[in-house]
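First up is the structure itself, then whatever we jot down about it.
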Amino acid sequence: KVQLRTATYIRYKANSECQNNVSSPTLDKETEDAATDNDRSDSGEFVVTMLAKAKLEEQGIGVKGRSSPLLEVGTQETPAFISHRDEDVTAESWRQHRKHVFVLSEAGKPIYSRYGSEEALSSTMGVMMALVSFVQSGDNIIRSEHIVVFLQKGPLVLVCVSSSRQTEQQLRGELLYVYYQIISMLTQASISRIFEHKKNYDLRRLLAGSEKILDGLLNLLDSDPSFLLAAVHCLPLACSLRDSLSQILQKAITPNLVFSILIARNQLLTIVQEKTVIEDARLEPADVHLLLNLIGASSAFQAGEIWTPICLPLFNPDCYFYAYISYLDPPECTVCLLLLSTDKEAFYAVAECKRKIEEAMMAQNSLSLIAKVQSYSVSQVGVSDLRHFMYKPFDVPDNYRHEEEKMRLLDLYRYMHNRIHSTSRPLKLIYHVAERETLLAWVTSKFELYTCFSPLVTKACAITAITKLLRWIKKEEDRLFIRYPPKYSTTPNPSKSSRGGKSDQQDSTDNGFLSLL
Amino acid sequence: MASGMQEKQYTPSLLNFFVYNPTFGQKEGEEEKKILFYHPSDVEKNEKIRNVGLCEAIVQFTRTFCPTKPAKSLHTQKNRQFFFEPEDNFWIVMVVRNPMIEKPNKDGKPPTVEYQEEEIIDPLLTLITFLVLQLFNGTFGRQMEAGGVELLIQKLEKFFYRYLQTLHLQSCDLLDVFGGISFFPLDKMTYLKIQSFVNRVEESLSLIKYTAFLYNDQLIWSGLEQDDMRILYKYLTTSLFPRHSEPELAGRDSPLRPEVAGNLLHYGRFLTGPTNLKDPEAKFRFPKIFVSTEDGYEELHLIVYKAMSAAACFMISASVELTRDFCEQLDGLVGPQLTLLASDICEQFTVNRRISGPEKEPQFKFIYFNHMNLAEKSTIHMRKTASVCLTSVHPDLMKILGDINCDFARVDEDEEIIVKAMTDYWVVGKKSDQRELYVILNQKNANLIEVNEEVKRLCATQFNNIFFLD
């Protein structure tokens, strides 16, 4: 029996600054919880994230009995999450966390803390705020046993205290992700407006329940290298299967639909996008990461269909899209369909698209084909000395299965990434012989490769291995990567063909999925 | 229209330097008592208090996360601060302005300034500063015992006034990180001559406890503990010798030329202590240094005596009073012998150079450092003094060396790092058994294997049996 805490209800008024023709949403208020009603204290307009369970039901959206997706705080949380919130901040164990992240407002009001509750940390946050204001504006870092990185974005201040030996650029990048995830729930314009209006506003009122999403993001940042490489993890699919899926998506369209995305096991299957309005603009990998995190962080998405506003910060930080989210294979819930529209009222039309897609996939037996797909392993590459490599997809060989070792390996890659991409003295190649492994990182105009060998490998062997590996990747390219997202057009004039596919693209260098190929 | 102005590059510069102890002024209104030294001194009192307060706050804040190891540095866009606590509650803080580039703007707009973030050697400077301070004044604790806060403040003022002028941030690089000592290469005969000279002097003047012998800013022999010698060497080569080198280079008729009045037997003179032995009224004192012993430290007079390019340092217990007679005795004994030695060494050196051929571009560009004996060797630096650092490679490559050194410092094990820079230069770093070697190769089309072979060749000729990795 699912016990649901009351999700925050929100009401939003016209967002007149929004571009992209998003119609102003004006859902009526339906507050169940007066305490979270923000309205009385604030006059004037403000836009806030929506999540009313009753609201959804009333409009016939969503499935009865389910809470809203974004800010659900049911008992589906694992015990581990709950304990983080209640952690004792004076204990040694709190100090020993590898990475702390704090978000506070300019006025020093706590908003989020990864470990420990914000209340208990309010004095620490006060100190952080004092430090930020005392020291000059701009981004500041403190180095000690830990690195403390401060990032100020608009009215929000984000702080990271990390002993992970990452560089400040990398940590700042992670803080930026946290900021973007908050934006994805509230939009930048509304945050600015709220704080302009009331400097000491407590943003937690709007973000209540979203800690899980931020927690999930931070865990992903720690363990998933796709953030580091600014690339999206794609499930390797046979070309034909991917093409067929893309075509299915291309055919199931409706006006105002801009992106259709298919995801399996948290990796991208395919993405197609609208042509005329969006033209060549693409979803940045960061936006895709945020979407994937959002979907993965909450198991509430797993039931039925969800219709929720979401902002894509890198695409447009001030506006909402409306996302239709539905898993195609309950109860395993590994394949998820995500349809983004600019029209708030389009739920039924979009849901209809989903049914079309489902039918077509059923006809082609796509689901079972997808289920059979496996991530490849090093052994498939057939290179004997190679232990591990990272060339977009992440492969985990046996010696690194253990969690700590995985982390250590990722840390090593991060260190190499940082050296190679240093702003003042970037490098083309690093070959590092250390006690436990030999690492080789190589950047060219076409790709970025990070590899790991046994420490006793000779240079000649390593070079041979790399050559073999690159050859293999080239051969399997079409299966491993999505180069060109197909397109469609939803405008009534079908004269622009929605063929999409490779012929549409001239230049793949700015492709968001393969940032460097 | 283009004004024709160039980009101006600003090197890093020292903004602030202060020493404080937070336990000294804990009461409201007495914060100023915490400050033991502050540079620049003409800053308003409240601003000093505020800056010190900020440091305290940062240290406190980082203690929340790691009580035993608080903040080391604070980096902002424009500058960076380094915090160093050499002794309990005594803090040394250095604030450096980041290097920047000023790009002129058209239409009379103020130029845009771009700050450059860099990993620099600065943190070491605070350590070195403290060590030099300690060399001449002993620890903070000891000074407090000897004369309390007032005396400490006076001494700090005196010391830093001079020392800060010798801090040249822009010329710091990897060699400063090593804090090594450059050894003067000698043949066996000459080395023995120097040894016997030292023995003779020490026997005749039994007050002498330790001796050190340098030639041309390079060390030949030292009887001091390695750590102490390292700092003394730094002081000698960055402070004392530069101060006294000008007169020697001056022409014969220049007023700067030291009074060699009447003493035509030798060219020796005191660099510390009496400047003119002939004048009986002139007062003099020798600087005192503190060196470590098994159970603490001992205070010594530092006598530095120079003849041409050779310098001998004699250290005598501070409890002894050094009279004019003693100085004359030393002058008479050491002067002629040192002069002779100096010209011997010079001759040997010239002969050797003639044999080995004119100095041309060295075949391999490398830097070598041995942690055990602090020996350093560089074929990259053409000239390195405290204020000037001339290398034959681009500064960015030197910074890459610094990066590799940082990586080596993280672990104890032997490692090897090879990188290819954007300019297609290859940089190879090898660490093996307390020795480090950095090689820069300008072979644009070489691949990893070829570079490896080159470095192996270098190791075979110059560093046989030292670096074993493939």
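Just so it is clear, the values below take in all heavy atoms, side chains as well, and ignore hydrogens, waters and symmetry mates. Here is the naming used below: chain letters follow the sequence lines, and residue numbers restart at 1 for every chain.
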Can you list the steps and then say if B:Glu416 with A:His432 is a side chain to side chain donor-acceptor pair (under 3.5 Å)? CA-CA 6 Å; B:Glu416 180 186 20; A:His432 186 154; over 6 Å; no

Side-chain donor-acceptor pair present, A:Tyr431, B:Asn452, cut-off under 3.5 Å
no

The reported gap from OG1 in A:Thr464 to CD1 in B:Ile449 (rounded to nearest 0.5 angstrom) is 7.0 Å

(message) If you define the side chain from C-beta out and look only at heavy atoms, does anything of B:Asp414 sit under 4.5 Å from A:Glu435?
(response) no

side-chain hydrogen bond (donor to acceptor under 3.5 Å, both in side chains) filter on B:Asn442, not counting sequence neighbours, yields B:Tyr425

Bottom line for A:Ile463: the part with an atom under 4.5 Å from chain B's heavy atoms is side chain

| Going through the checks in order, is the side-chain contact (heavy atoms from CB on, under 4.5 Å) test met by A:Arg419 and B:Val419? | CA-CA 10 Å; A:Arg419 285 266 183 260; B:Val419 302; over 6 Å; no

Rounded to the nearest 0.5 Å, the CG atom of B:Asp407 sits from the CE atom of A:Met416 at a distance of 11.0 Å

- Is A:Trp442 atom CH2 crowded by more than 12 heavy atoms from other residues, nucleotides or ligands, each under 6.0 Å away? no

dist B:Met422:CE -> A:Leu427:CG (nearest 0.5 Å) comes out at 8.5 Å

Practice problem: In sequence, state the C-alpha distance, the side-chain angles, and the governing distance for B:Ile418 and A:Lys459, and then conclude on side-chain contact (heavy atoms from CB on, under 4.5 Å). | Solution: CA-CA 11 Å; B:Ile418 304 179; A:Lys459 293 181 181 66; 3.3 Å; yes

d(A:Thr438 OG1, B:Glu415 CD) to nearest 0.5 Å is 9.5 Å

